[in-house]
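Numbered from 1 within each chain, the chains take letters A, B, ... in sequence-line order.
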Amino acid sequence: MTGTLTSPDGGPIRVRMAPSPTGPLHIGTARTSLYNFLTARHEGGTYILRIEDTDALRGTVEYERDIIDNLHWLGISWDEGPQVAGGDDVGAFGPYRQSRRMDRYAREADRLLASGAAYRCYCTADELDAVRKAQDAARQPPRYNGRCRSLTDEQRAAFEAEGRRAAIRFAVPAETIRFDDLIRGAVEFDNALLGDFVIVRADGMPLYHFVVVVDDEEMRISHVIRGEDHLSNTPKHIALIRALGYREPVFGHIPLILNPDRSKMSKRKSQTAMTAYREQGYLPEAMVNFLAFLGWSPGTEEEIFTLDELAARFEIGKVHKGGAVFDGERLDHLNGVYIRAMSDEQLALRLRPFVPEALPDDALRRIAPLIKERLVRLGDAAELVAFLVETDGQVAARYAADELVPKKADAAQTAAALVRAREVIGALDPADFAADLLESRSREAAEAFGWKPGDFFRPIRLAVTGRAVSPPLFGSMELLGRDATLARLDAAIEKLAVTA
RNA sequence: GCCCCCAUCGUCUAGAGGCCUAGGACGCCACCCUUUCAAGGUGGAGAUCAGGGGUUCGAAUCCCCUUGGGGGCACCA
């Protein structure tokens with residue numbers, strides 16, 4: 001790997017992904033994970049997964065499992081973190097679940113309290129809410145008014161006598177914070193504009209801005225690569241880092257993935273759960289390729305890349321600054337490209353979970369090449385192969401007699417055409433019941449009948465598959481078998497007879 | 001409201017002062033191929049590089065302003 005990034009101590013870089021299990025793996029989280037992973041790989045560094053499960057109310061183990069499963073599904077693996085050989089707690093930097101690191105946060109909070117960099121705040125939710133409302137009414141920025149910043153011992157005692165439980169706030173130093181963002185370059189914030197924020201809740205639970213800083217230090221994270229939504233949180237983190245005497249990592253804020261209306265991609269306006277894409281039959285290879293190009297490009301016109309190829313080429317510094325709309329049509333196209341590139345055997349294997357169990361493996365293997373170039377998603381296969389598992393009755397019930405009739409013909413003519421087709425098809429021995437023979441015989445019949453192949457085949461297709469759109473007709477008939485094919489043809493002829 | 005970030009075809013992007021009368025891909029349109037649908041092939045429409053000022057012999061590329069968009073400002077992450 002051609003590393004260009006260096007960690008403060010000169011060693012290999014250490015990057016991390018820190019998802020919160022408050023929902024299934026989000027597309028945006030997956031992309032951030034991917035960029036971190038690719039950066040670690042490209043630079044020969046270490047990639048760490050840390051579960052940010054301090055929000056006990058919203059986080060669940062199911063979501064954590066979903067996140068880990070889907071990250072693995074994408075092909076993203078981590079060198080340190082949950083489910084890595086050695087276990088969560090082993091290694092110099094674990095555990096990797098914040099819920100198991102509470103003692104560390106408590107210790108660091110105490111240090112801040114002792115140094116005066118943080119203080120206890122006795123304001124209640126109602127009081128804070130009232131302040132915020134007043135600020136809003138006065139068109140002032142909503143931020144903590146600092147009431148508890150310099151309480152006297154007596155005041156503190158009085159609040160505690162009231163039974164109020166204190167949260168811990170960080171006393172944000174009024175200073176200008178500058179940092180050199182990997183992607184945006186020099187950025188500057190005035191922390192005098194910030195309110196003192198809570199780092200530990202009254203119930204003792206430490207909060208995000210605080211734990212992220214503690215963990216990144218203890219896990220020796222050298223480069224923090226995260227979504228742009230964290231850019232304006234960074235000065236808070238840097239202030240905390242300084243107050244705690246930590247080393248400052250390099251920050252890199254990647255652009256957001258957007259809804260079609262260009263707002264931050266959300267569940268409300270887009271499908272954001274990776275699982276949903278997986279269930280529809282998007283391939284992890286296509287998803288990774290697609291995600292990688294949402295905010296980055298190799299600078300050439302190549303566009304199909306494997307994970308390894310991406311790792312070789314990806315440079316965090318070349319990531320764009322502007323957000324990128326999630327374009328489902330482009331994903332569809334890419335998915336189709338990957339599907340078509342697969343071998344028939346591979347496709348059949350991956351199609352298995354998406355088609356009816358009633359479809360035998362052998363039939364699936366044989367129909368795979370027939371439907372390959374018709375698939376956008378693996379899930380689309382179910383409809384394409386359905387005629388093979390449906391009963392003759394179910395197939396017949398899918399269409400009405402008049403649908404069999406081509407525009408320029410009537411029911412009687414169509415019936416005659418089907419009878420003709422049935423004759424030549426029925427004349428074939430079971431042993432000869434193969435696509436090429438079926439096609440040549442049917443074409444001859446069409447010509448003899450005086451119909452264009454398209455008109456002649458249309459009612460046959462509907463009769464045999466129950467659908468106007470199907471895999472190639474003669475291959476479909478071969479797979480269906482002689483008996484079912486003839487039975488379905490008979491059923492169609494019967495339908496026409498009833499109408500006429 | 002305040003702070004910060006961003007800005008090339010509808011979308012993803014190439015472009016790091018002259019190679020750009022701006023290239024590719026998706027999508028769209030037409031034609032070809034064709035048993036349906038796809039896939040594939042060929043061609044086309046589509047961006048006065050958000051607008052306005054500079055700098056320069058020369059700007060999509062550098063600077064400033066304006067406009068537009070986005071993000072943040074929780075005892076969520």
Side-chain angles (χ1 to χ4, degrees), chain A residues 18-23 29 52-55 57-59 121 123-125 128-129 132 135-136 138-144 165-169 181 183-184 187-191 193-195 197-209 211-212 227-236 253 255-256 258 260-264 290 293-303 320-334 336 340 371-376 380 384 439 442-443 446 452-458 460-462 465 467-474:
Chain A
S20 175
T22 51
T29 309
E52 308 234 329
D53 57 351
T54 55
D55 190 343
L57 244 45
R58 296 190 299 150
C121 170
C123 296
T124 64
L128 294 171
D129 207 46
R132 248 188 305 273
Q135 287 168 334
D136 189 53
R139 306 177 86 183
Q140 296 288 312
R143 67 179 191 227
Y144 183 59
R165 301 234 280 162
I168 301 174
R169 279 183 192 276
D181 192 279
I183 293 160
R184 281 147 222 287
V187 185
E188 193 177 296
F189 285 88
D190 182 3
N191 269 7
L193 267 19
L194 249 41
F197 55 93
V198 173
I199 56 174
V200 179
R201 295 200 312 210
D203 65 4
M205 193 61 76
L207 261 19
Y208 172 75
H209 296 306
V211 297
V212 72
E228 192 191 342
D229 45 351
H230 282 300
L231 187 60
S232 29
N233 289 150
T234 303
K236 292 179 189 170
H253 290 90
L256 264 17
L258 277 21
D261 66 4
R262 304 202 76 85
S263 57
K264 178 162 81 166
F290 173 73
F293 276 69
L294 240 38
W296 172 86
S297 100
T300 64
E301 284 176 359
E302 302 160 276
E303 49 189 8
H320 307 155
K321 296 175 179 141
V325 172
F326 185 97
D327 181 2
E329 290 186 324
R330 194 178 174 80
L331 207 214
D332 283 350
H333 169 258
L334 220 42
R340 273 171 253 131
I371 62 176
K372 187 194 272 184
E373 60 199 22
R374 274 157 256 266
L375 297 175
V376 170
D380 298 341
L384 255 16
E439 175 165 4
S442 298
R443 282 188 185 283
K452 286 187 295 187
D455 290 332
F456 195 73
F457 297 162
R458 190 167 300 119
I460 300 177
R461 179 188 311 282
L462 198 55
T465 69
R467 293 156 174 83
V469 171
S470 78
L473 181 55
F474 305 104

Margin query: Just to verify, what does Asp332(A) make a side chain to side chain donor-acceptor pair (under 3.5 Å) with, not counting sequence neighbours?
Written below: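 With sequence neighbours excluded, Asp332(A) shows a side chain to side chain donor-acceptor pair (under 3.5 Å) to Tyr282(A), given in chain and number order.
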
Notebook entry, point to check: Excluding sequence neighbours, so at least two apart, what forms side chain to side chain donor-acceptor pair (under 3.5 Å) with Arg443(A)?
Noted result: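 Residues passing side chain to side chain donor-acceptor pair (under 3.5 Å) with Arg443(A): Glu439(A).
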
Partner set under ring pair (Phe, Tyr, Trp, His ring centres under 6.0 Å) for [X], not counting sequence neighbours:
X: His209(A); result: Phe197(A), His237(A)
X: Tyr144(A); result: none
X: Phe474(A); result: Phe457(A)

Item checked: Partner nucleotide, any strand, of rC73(B) [Watson-Crick/G-U, under 3.5 Å] ->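 By the stated definition (distances under 3.5 Å), rG1(B) pairs with rC73(B).
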
Check: Does rU11(B) have a Watson-Crick or wobble partner in any strand here, with both distances under 3.5 angstrom, and which is it?
Finding: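 For rU11(B), the partner nucleotide comes out as rA25(B), under the 3.5 Å rule.
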
Check: So, is Ser470(A) near the phosphate of rC37(B), with a side-chain N or O under 4.0 Å from OP1 or OP2?
Finding: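 It does not, given that no N or O in the side chain of Ser470(A) lies less than 4.0 Å from OP1 or OP2 of rC37(B).
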
Margin query: Please confirm whether the shortest side-chain N or O distance from His253(A) to OP1 or OP2 of rC5(B) is below 4.0 Å.
Written below: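 The answer is no; no side-chain N or O of His253(A) sits under 4.0 Å from OP1 or OP2.
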
Taking salt bridge (charged side-chain N to carboxylate O under 4.0 Å, His left out) as the test, write out the residues that go with [X], two or more places apart.
X: Asp380(A); value: Arg377(A)
X: Arg143(A); value: none
X: Arg165(A); value: none
X: Arg458(A); value: Asp455(A)

Note to self: For nucleotides 67-77 of chain B, give me one character per nucleotide, 5' to 3': B if any protein heavy atom sits under 4.0 Å from the base, S if the only such contacts are to the sugar-phosphate, - if neither.
What the structure shows: ---SBSBSBBB

Item checked: Per-nucleotide protein contact string for nucleotides 30-35 of chain B (B base, S sugar-phosphate only, - none; heavy atom under 4.0 Å) -> -----B

Below 3.5 Å is the cut-off: list the nitrogen or oxygen pairs between protein and nucleotides 40-48 of chain B, distance only.
{"from": "rG40(B)", "atom 1": "OP1", "to": "Arg340(A)", "atom 2": "NH1", "distance (Å)": "3.2"}

Notebook entry, point to check: Are Phe290(A) and His333(A) close enough that their ring centers fall under 6.0 Å?
Noted result: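 Ring centres of His333(A) and Phe290(A) not closer than 6.0 Å.
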
